[in-house]
*Asks:* 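Starting off with a structure, shown below.
We name chains A, B, ... by the order of the sequence lines, and we start the count at 1 in each one.
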There are 2 protein chains.
Amino acid sequence: MCKTAGVSTDDASPLNLGLLLFIPYRAMETAVLDALAEAGHDLPLNQARVFQRIAPEGSRLAQLAQASQLPKQTVGSIVDHLERSGYVRRIPDPTDARARLVTITPRGQELVEISLPVVRATEAAWRAHLGEQRTVLLRDALADLREITDPFRP
Amino acid sequence: MCKTAGVSTDDASPLNLGLLLFIPYRAMETAVLDALAEAGHDLPLNQARVFQRIAPEGSRLAQLAQASQLPKQTVGSIVDHLERSGYVRRIPDPTDARARLVTITPRGQELVEISLPVVRATEAAWRAHLGEQRTVLLRDALADLREITDPFRP
DNA sequence: GCACATAGTCCGAAGTTCGGACTAATGTGA
DNA sequence: TCACATTAGTCCGAACTTCGGACTATGTGC
């Protein structure tokens with residue numbers, strides 16, 4: 001299966017940029033999830049994806065919903081699980097009594113601390129493969145692309 | 001939410017490469033799905049992701065399962081839906097009587113034909129934003145990265 | 001030809017998603 | 001200052017999805 005049917009750019013060319021982006025993304029995600037599982041944290045994908053979006057100072061549910069492009073209820077239920085597993089806590093938002101901030105607990109912080117070296121190692125492996133200069137170019141291009149593709153830039 | 005908690009490369013730096021890859025990927029996916037919905041094809045994400053992996057000459061279930069990193073049963077059920085909606089058909093694999101090939105029907109081909117210009121337009125928008133040269137570098141870097149990150153290269 | 005691997009399906013329990021309807025707190029403007 | 005619209009989040013529950021286990025049919029190697 002070299003060419004995809006659905007979204008290949010054209011018959012003769014290789015994969016479209018979308019899938020080309022997805023492949024390494026998925027690899028990074030898998031590496032992190034595997035490392036977490038190894039450390040005894042069995043985080044399902046949906047929980048990981050929401051967790052990842054929590055800002056260090058805490059995030060509101062609606063923010064998380066927007067960032068992960070899921071309805072509030074869905075994110076609510078995912079946060080319930082994260083909370084039950086002790087990774088996050090909901091605290092009242094001091095600036096708005098309707099809202100609550102989803103914050104990372106010390107146990108949740110463990111997840112971050114396990115992930116970080118894996119992310120760094122994966123990036124290092126990529127850098128070793130691509131070379132320093134191209135890695136910088138890649139990151140720059142992606143950061144630039146974010147300007148026109150991120151529906152949720154604060 | 002500027003920095004993500006889970007996987008930021010380091011406190012001062014911007015997003016990690018993983019999320020940086022994901023953002024444009026998701027944008028592309030959304031653009032395609034929106035266009036399909038507009039044309040009356042309400043394809044859920046999971047179906048779209050599997051459909052996208054079907055090779056023009058047809059793919060086996062096990063291949064699709066491996067490529068999308070889902071169990072056979074899950075992919076089987078997704079293919080059931082695609083089949084019920086008339087986008088794909090299962091035909092016997094002439095080379096192996098146990099296997100069947102999931103192939104794209106004319107109606108499924110419509111999906112491809114709707115997606116293609118959207119993919120091209122999105123890529124063109126990105127090119128306009130990044131410039132010709134950086135786009136080429138981006139694609140090259142990603143294609144290279146695929147060599148070490150694609151668990152399923154034929 | 002017999003054992004073993006492989007393709008795919010069926011079953012069903014457990015889990016996930018998310019529309020709609022709701023409560024509570026905020027902001028707004030007359 | 002009070003109605004009124006808006007926004008944060010939750011509760012409910014039906015429909016759907018996921019996927020382990022067990023199964024059949026075919027291929028493959030000894």
*Asks:* Closest heavy-atom contact between Gly86(A) and Thr105(A)?
*Replies:* O-OG1, 2.5 Å
*Asks:* Do the charged groups of Arg90(A) and Glu83(A) touch, with an N to O distance under 4.0 Å?
*Replies:* yes
*Asks:* How would you list, by chain and number, every residue that makes a side chain to side chain contact (heavy atoms under 4.5 Å, CB included) with Pro71(B), sequence neighbours excluded?
*Replies:* Gln73(B), Thr74(B)
*Asks:* May I have the distance from Arg60(A) (atom CZ) to dA25(C) (atom P), rounded to whole angstrom?
*Replies:* 14 Å
*Asks:* Without decimals, in angstroms, what is the distance between Arg84(A) CZ and dG15(C) C1'?
*Replies:* 11 Å
*Asks:* What is the separation between atom CD1 on Ile78(A) and atom P on dG15(C), rounded to the nearest whole Å?
*Replies:* 15 Å
*Asks:* Relative to the 5' end of DNA chain D, which residue comes earlier, Asn46(B) or Gly76(A), by the nucleotide with the nearest heavy atom?
*Replies:* Gly76(A)
*Asks:* For side-chain hydrogen bond (donor to acceptor under 3.5 Å, both in side chains), just list the numbers for His41(B) and Tyr87(B), CA-CA rounded to whole Å, side-chain angles, deciding distance to a tenth of an Å, and then say yes or no.
*Replies:* CA-CA 10 Å; His41(B) 297 286; Tyr87(B) 297 127; 2.8 Å; yes
*Asks:* Identify the 5'-most and 3'-most nucleotides of DNA chain D with at least one atom closer than 4.0 Å to a non-hydrogen atom of chain B.
*Replies:* dT17(D) to dG27(D)
*Asks:* OP1, OP2 of dC18(C) versus side-chain N and O of Thr74(A): anything below 4.0 Å?
*Replies:* yes
*Asks:* Would you kindly give the CD-to-P distance between Gln69(A) and dC18(C), to the nearest whole Å?
*Replies:* 12 Å
*Asks:* With a 4.0 Å cut-off, would you call Arg120(A) and Glu123(A) a salt bridge?
*Replies:* no
*Asks:* Scan for side-chain hydrogen bond (donor to acceptor under 3.5 Å, both in side chains) pairs involving residues 126-136 of chain B, sequence neighbours excluded, and state none if there are none.
*Replies:* Asp144(A)-Arg134(B)
*Asks:* Figure out the CG/C1' separation between Leu70(A) and dC18(C), and round it to whole Å.
*Replies:* 10 Å
*Asks:* Let me spell it out: for each of Ser77(A) and Asp96(A), pick the nucleotide of DNA chain C with the closest heavy atom. Which residue's pick is nearer the 5' end?
*Replies:* Ser77(A)
*Asks:* Are His81(A) and dG15(C) close enough that a side-chain N or O sits under 4.0 Å from OP1 or OP2?
*Replies:* no
